[in-house]
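Numbering of residues begins at 1 and proceeds along the displayed sequence. Keep in mind that the numbers below use all heavy atoms, side chains included, and drop hydrogens, waters and symmetry copies.
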Amino acid sequence: MSDESAEDWAEVVARAASGGFLVPEDQRPSSPDDPQVGEVILLVDAVRELMTHPDGGDESYVPIRPRPDGRWVSTHTLEDHEIEILRHVAPQDLDAPTRLRVLELLAARTRGLERVETSAKVIEHVLAEYAGHPFDYDVSFAVGRAFDLAPRFGPLTMAPGDRLEQMLLNRLLACTDASEALRLAQNLREQRRPRTRAADVATHLRSVASAASDVYMRRLLREEAGAWHLLAGDSQAHFDDVAAAVLILRDQAVALLAEHRSDSAARAGKDLELALDRLETIPRIERSSRGIDQLHGELTRMIRRAGTATLSFMKSIRREVPLPEELPDLAEAIDGRKLGDALHFFLQWLPLTDFATNKSNSQALVKKYPLSHMFSHVQFAKDGRTVARTSSSDDDLIYGIPSHLWRVMTREFGVRVSFYVHRFLASSWTILSAQHPLNIADFTFLARESSAVPSGRESLVGRGLHYGYGGDFLTAAHLLIPQLENIVRVKLQDAGVVTSNSEDGIETEKGLSALMKGEDVERVFGPDVAFEIRAFFCSSHGPNLRNEIAHGLIDDDHINSTTAFYAWWFIWRLVYSAFYNAQRDEEASDRGGPTVREDDEESAD
């Protein structure tokens, strides 16, 4: 049917609309007998099911499954006659999300004046249909896409973009709902709009924060107000907001510790780690002027107290658990659950490798099959390079473990990784990402609220996690593995560990493999996390994904590889999990905070 003329398709679309066939399938009166109308319905249904793409651009949406005829419909796979169909579908009575998808597909596939006019229609559609709705994910994505299009094509798109900005700004400045005000402010700031009114936005957010009954929301609003004060060039007001947020976190932790419960102590530790992370963004001279110069030491001591309290509540419980014939399906456990529960299952249901058990089992294998470990073993890369070698000597150590035993441990770990991804994680991710679309702002927020992610890295971590959530696991690994190295470095520095080498006055930072060699790593991160990082990212006997990426050894075979998927999942799990550094050294941690220039100190005096 691809040879049909524009006039013919206009008539077919009109028949489909008059018959009520352009609505979702469960609302249609019947199935059409007309095969041309059937093709229109098939195309509209495929467009309606498209999933938002993490990278945006012209490829705004990607398919989550093929059409019944086996075709995958996306921006660049649409045929010319399908573009013609969508031209005639766009003016019809469609639900708002479907019309937005149709208009954006047309804007991406048309050229010249038509593309400019269609892009303007996208922004006008968002302005008319979305900007007044509750600011959920769909609205946030639609607004973000509209702002992305606005500066591209001159006055025809900039004018409606400016109207959209003004409408959202007015809505924000009139908003008294804490959650709504926070989402609006975050979206406008991430879109770099409207900076000329940054001081007004910051003042309003402070007002909403002071009236908020929820302490958690009050803290988030003060942090957001601080970000807007920074945009306005008022660093003093910014530091005031950060200090207020730190004190809220401190007070929350004090209340949690007073409950004398293990879960409360763990939550207190996370809040205190976040408080310390925020405090270290305030220069020491600014802390002193606000009367919080002793707060760093107080928070450090409280973190240790929270760690001690958590351990004191832990008890060893022994019970027999009947094992089912078949392991339960994680995908079924996630399907249909609310976002919070689904994320918890996806990230926490599968345990990390138990280092002690892995070592014990590997020692038993070595003992059972001594001949397999009596001689030297060489490991080759797929291009023929020798990448690792082990011997039978107990003095040949890798991370303090005999090399032949380490080889067995990493091999068993690799089997576990492959099993996890193929049996549980891949299918679970498919359901999770389809049922709960998340955007970069969501992941940036998750990173900002993580006690593991240092300040100033939230956007990079959030972007990396979002790439993986959209299915681009290798790009996610490229972004996230350096951030994992930074997390390890910062947390070790906070524990007083020297993370650099100095020679002839030149100081160089140690790489991840060197950072992971010390015993302090296990004290800071625990033996299980330490082993997974060593085995997965640092050891030539394992995937060694960091080295492969750093030296350009990655090829196309890695794009959808098990290793890239697991790297993304593991780092997300680390970011998601509560973390607090019980080995934190007060002076070493405080040295990592910002300093002010000499002229700043003079002006402060």
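In this structure Ala198 satisfies the side-chain contact (heavy atoms from CB on, under 4.5 Å) test together with Trp228, Leu231, Ala232, sequence neighbours excluded. Scored by the side-chain contact (heavy atoms from CB on, under 4.5 Å) test, Ala227 finds Arg189 as partners (sequence neighbours excluded). For Arg197, the side chain to side chain donor-acceptor pair (under 3.5 Å) test picks out Asp200, with sequence neighbours left out. For Arg448, the side chain to side chain donor-acceptor pair (under 3.5 Å) criterion is met by no residue, not counting sequence neighbours. Partners of Arg206 by salt bridge (Lys or Arg N to Asp or Glu O under 4.0 Å), not counting sequence neighbours, listed by chain and number: Asp241. Residues meeting the side chain to side chain donor-acceptor pair (under 3.5 Å) test with Glu458, sequence neighbours left out: none. For the salt bridge (Lys or Arg N to Asp or Glu O under 4.0 Å) test, residues two or more places apart in sequence or in another chain that qualify with Arg250 are Glu298. In this structure Arg290 satisfies the side-chain contact (heavy atoms from CB on, under 4.5 Å) test together with Gln236, Phe239, Asp240, Ala243, Glu286, Ile292, sequence neighbours excluded. Taking the salt bridge (Lys or Arg N to Asp or Glu O under 4.0 Å) definition, one finds that Glu124 meets it with Arg163, sequence neighbours left out. By the side chain to side chain donor-acceptor pair (under 3.5 Å) test, Asp341 is found to be paired with no residue, residues two or more places apart in sequence or in another chain being considered. Every residue two or more places apart in sequence or in another chain that forms a side-chain contact (heavy atoms from CB on, under 4.5 Å) with Glu180 is listed here: Phe135, Arg171, Cys175, Asp177, Arg183, Leu184.
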For the pair Phe536 and Phe570, evaluate ring-ring contact (aromatic ring centres under 6.0 Å, His included) and give the outcome as yes or no after the intermediate values. CA-CA 10 Å; Phe536 194 83; Phe570 171 80; 7.4 Å; no

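Once rounded to the nearest 0.5 Å, the distance linking CZ of Phe565 with CZ of Phe473 reads 4.5 Å.
Among pairs with a residue in residues 424-435, none fulfils salt bridge (Lys or Arg N to Asp or Glu O under 4.0 Å), at least two apart in sequence or across chains.
A donor-acceptor contact closer than 3.5 angstrom is absent between the side chains of Glu273 and Asn581.
Ion pairing of Glu129 with Lys121 is absent here, as no side-chain N (NZ or NE/NH1/NH2) approaches a carboxylate O to less than 4.0 Å.
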